[in-house]
Protein chains: 2
Amino acid sequence: MNDKPDVSEETKKKIQKVIDKLGYNPNGIARGLVLQKTHTIGLIIPDISNPFFPEVAKGVEDRARELNYSVIFCNTDNDKKREKEAIDLMKSKHVDGIILSLSISNKEEIYKLEEKNFDVVQIDRKIPDSNYQAVVIDNTLGAYNATSHLIELGHTDIAHITGDLEIQTSQDRLEGFKRAIGTFDLDYKEKWIVEGDFSKESGYKAMKNLLTLEDRPKAVFIANDLMAIGAYEAIFEMGLEIPQDISVVGYDDIEIASIIKPGLTTMTQPKYKLGQAAADVLISKIDNKRNINDEDIILNPKLIIRDSTRGYEDE
Amino acid sequence: MNDKPDVSEETKKKIQKVIDKLGYNPNGIARGLVLQKTHTIGLIIPDISNPFFPEVAKGVEDRARELNYSVIFCNTDNDKKREKEAIDLMKSKHVDGIILSLSISNKEEIYKLEEKNFDVVQIDRKIPDSNYQAVVIDNTLGAYNATSHLIELGHTDIAHITGDLEIQTSQDRLEGFKRAIGTFDLDYKEKWIVEGDFSKESGYKAMKNLLTLEDRPKAVFIANDLMAIGAYEAIFEMGLEIPQDISVVGYDDIEIASIIKPGLTTMTQPKYKLGQAAADVLISKIDNKRNINDEDIILNPKLIIRDSTRGYEDE
DNA sequence: ATCGGTAACGTTAACGGTATCGGTATCGTT
DNA sequence: AACGATACCGATACCGTTAACGTTACCGAT
């Protein structure tokens with residue numbers, strides 16, 4: 001008997017004794033079958049070896065465990081077929097809900113889930129027009145704040161190295177950059193926006209590019225830290241110094257950012273919290289079907305100021 | 001009917017049609033109940049946010065999926081209680097087998113599993129005296145090879161910065177270092193072995209320590225890359241150059257190792273392969289109860305030569 | 001026409017729990 | 001002594017699937 005009100009404390013103890021003696025483990029499968037509830041959630045993410053996701057997964061698992069759920073996980077490598085397979089797997093395993101990060105091109109799967117009335121929370125990426133609640137980090141705001149930091153230091157000549165513009169994240173960060181430039185009424189120079197692809201090499205090239213302009217920028221916001229590392233090399237190679245000659249802000253706060261010299265000012269993302277929040281939302285949806293609040297949850301990245309930024313006027 | 005021999009192709013097709021039409025998903029739970037088989041394996045690791053494990057997890061998941069298994073995962077944070085809980089969870093979920101990385105102090109749990117005849121493979125760490133097969137990376141060999149690399153370059157004055165010696169890994173790497181020194185009949189100086197704790201700061205301190213000796217070493221093997229980064233700082237601070245004045249070999253091949261200047265020579269660990277091998281071994285054990293080969297699988301780390309090492313005689 | 005073999009069909013019993021219901025024993029209350 | 005409340009006990013149905021078995025239908029070969 002599972003905590004029913006009409007069982008006395010005494011017999012509970014007696015029963016517990018017998019349980020211990022026989023080493024009885026309840027069979028979760030049989031339970032799941034009759035209760036139509038597995039106390040399991042699915043976690044479908046693109047790639048656990050991408051440094052963004054382990055923390056997220058940890059947040060999900062920790063919170064799920066606290067709430068008495070376990071998690072079964074799948075990598076999809078952004079492959080549409082594998083995404084579908086992962087979802088089918090979750091269906092056949094009868095998980096109680098799914099935390100999902102789908103590639104944008106795979107809307108159908110989300111629609112199918114909606115039809116079946118599956119409990120789903122989207123994480124990190126939200127498929128436009130889907131009705132499922134999403135838990136995301138505000139890339140636009142992050143980029144806005146990163147850029148504002150440079151502006152507040154007195155900079156006016158600010159460049160931006162973007163990520164691969166096919167990817168929504170890059171678009172959002174570009175948008176945030178533009179918005180900050182606009183808000184503060186600064187000069188907007190198209191040639192100071194250079195596209196990279198998130199790789200270190202592309203950061204190097206883009207920076208080289210910027211530094212060979214006759215009117216070169218005095219500050220740069222770079223869409224991720226890896227490109228910023230590449231940019232560092234380009235800057236040093238030209239005999240320039242950070243932050244004396246040029247201020248640099250990155251994005252992601254990867255491990256190297258605090259190790260490299262000078263320490264890289266960057267935006268850190270609340271990855272663990274993202275996972276926690278997603279688990280929270282999903283499980284409260286499962287346990288308590290009325291959706292108290294089905295608005296998207298938007299977490300804010302945080303600026304980490306290190307030594308790669310400095311005011312333009314400072315000495 | 002699941003691929004039984006006495007069903008004709010024709011009816012199979014007919015059935016498939018009906019399946020598609022009704023959108024039927026077989027209920028894995030009911031199946032698991034009657035077949036006593038869940039096609040699920042458990043993955044219990046200390047911490048997915050430790051950069052070592054995501055690749056391992058990916059290897060496990062990829063291979064498991066290829067072999068038609070899914071994986072349910074738990075972090076334990078090296079906490080004995082959570083390890084026990086994770087194992088109980090796996091039992092109640094009736095997974096077909098477990099890939100396990102336990103803290104050394106938690107032997108009992110392994111013994112309990114052995115009693116119950118559970119299918120288990122240990123990964124990364126092997127509990128001494130346990131009968132379960134393990135899939136591990138040979139730390140002693142790695143350290144031996146790292147040190148040999150320095151010796152083969154002509155170095156004779158070689159120091160070692162260890163990790164936290166409470167941890168088996170550190171002991172193994174120290175052992176490999178000593179063995180290499182012994183094999184090549186070099187001078188063995190106790191004071192050239194300094195204990196760190198795997199942190200960057202401890203690497204810095206230990207290196208400072210070594211560099212202030214009157215007979216300072218010309219090469220150093222450091223038990224992990226993070227400490228090596230700290231050591232770099234100490235070396236630069238003393239006005240010395242790598243590798244001209246001192247050669248450095250690290251261990252782990254973290255991302256920074258290839259980014260830092262000069263590129264750090266280090267040992268890389270076959271993490272993905274480790275996960276794959278563990279899944280392979282476990283699932284073949286499950287599917288085919290006769291243990292064809294129940295010896296431990298020992299994978300070899302690989303030396304990555306970059307720019308932080310050079311021969312002693314080289315100009 | 002008869003026979004044997006093969007494939008499809010239908011039924012039933014498990015798998016290991018939970019929920020529900022009726023029955024019974026025990027207690028305190030009036 | 002009769003009553004109600006409370007706690008325990010036992011029986012039974014059910015969750016969705018597979019295995020096993022018996023039956024029936026159909027086909028080609030003798």
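Chain naming here is simple, since letters A, B, ... match the order of the sequence lines and numbering starts at 1 in each. Just so it is clear, the structure is predicted and the values come from calculations on it, not from any experiment. Just the heavy atoms: all of them, side chains too, but no hydrogens, waters or symmetry mates, feed the values below.
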What is the distance, to the nearest angstrom, from the [atom1] atom on [X] to the [atom2] atom on [N]?
X: His39(B); N: dT18(D); atom1: NE2; atom2: C1'; answer: 13 Å
X: His94(A); N: dG17(C); atom1: NE2; atom2: P; answer: 20 Å
X: Lys37(B); N: dT17(D); atom1: NZ; atom2: C1'; answer: 16 Å
X: Ile29(A); N: dA14(C); atom1: CD1; atom2: C1'; answer: 15 Å

(message) Tell me which one of Val95(B), Leu67(B), Asp119(B), Val60(B) satisfies side chain to side chain contact (heavy atoms under 4.5 Å, CB included) with Ile41(B).
(response) Val60(B)
Expected output: side-chain [X] to main-chain [Y] donor-acceptor under 3.5 Å:
X: Arg82(A); Y: Asn75(A); answer: yes
X: Glu83(B); Y: Ser103(B); answer: yes
X: Lys93(A); Y: Gly28(B); answer: no

(message) Can you confirm whether Lys37(B) is buried at NZ, in the sense that more than 12 heavy atoms of other residues, nucleotides or ligands lie under 6.0 Å from that atom?
(response) yes
(request) Using both distances under 3.5 Å as the test, list the Watson-Crick or G-U wobble partner of dT30(D), or none. (result) dA1(C)
What does the list of N/O pairs under 3.5 Å between the protein and nucleotides 13-15 of chain D look like, with a distance for each?
| unit_1 | atom_1 | unit_2 | atom_2 | d |
| --- | --- | --- | --- | --- |
| dC15(D) | O3' | Gln36(A) | NE2 | 2.9 |
| dC15(D) | O2 | Val34(A) | N | 3.3 |

(request) Check step by step if side-chain contact (heavy atoms from CB on, under 4.5 Å) holds for Ile99(B) and Phe73(B). (result) CA-CA 10 Å; Ile99(B) 294 176; Phe73(B) 108 100; over 6 Å; no
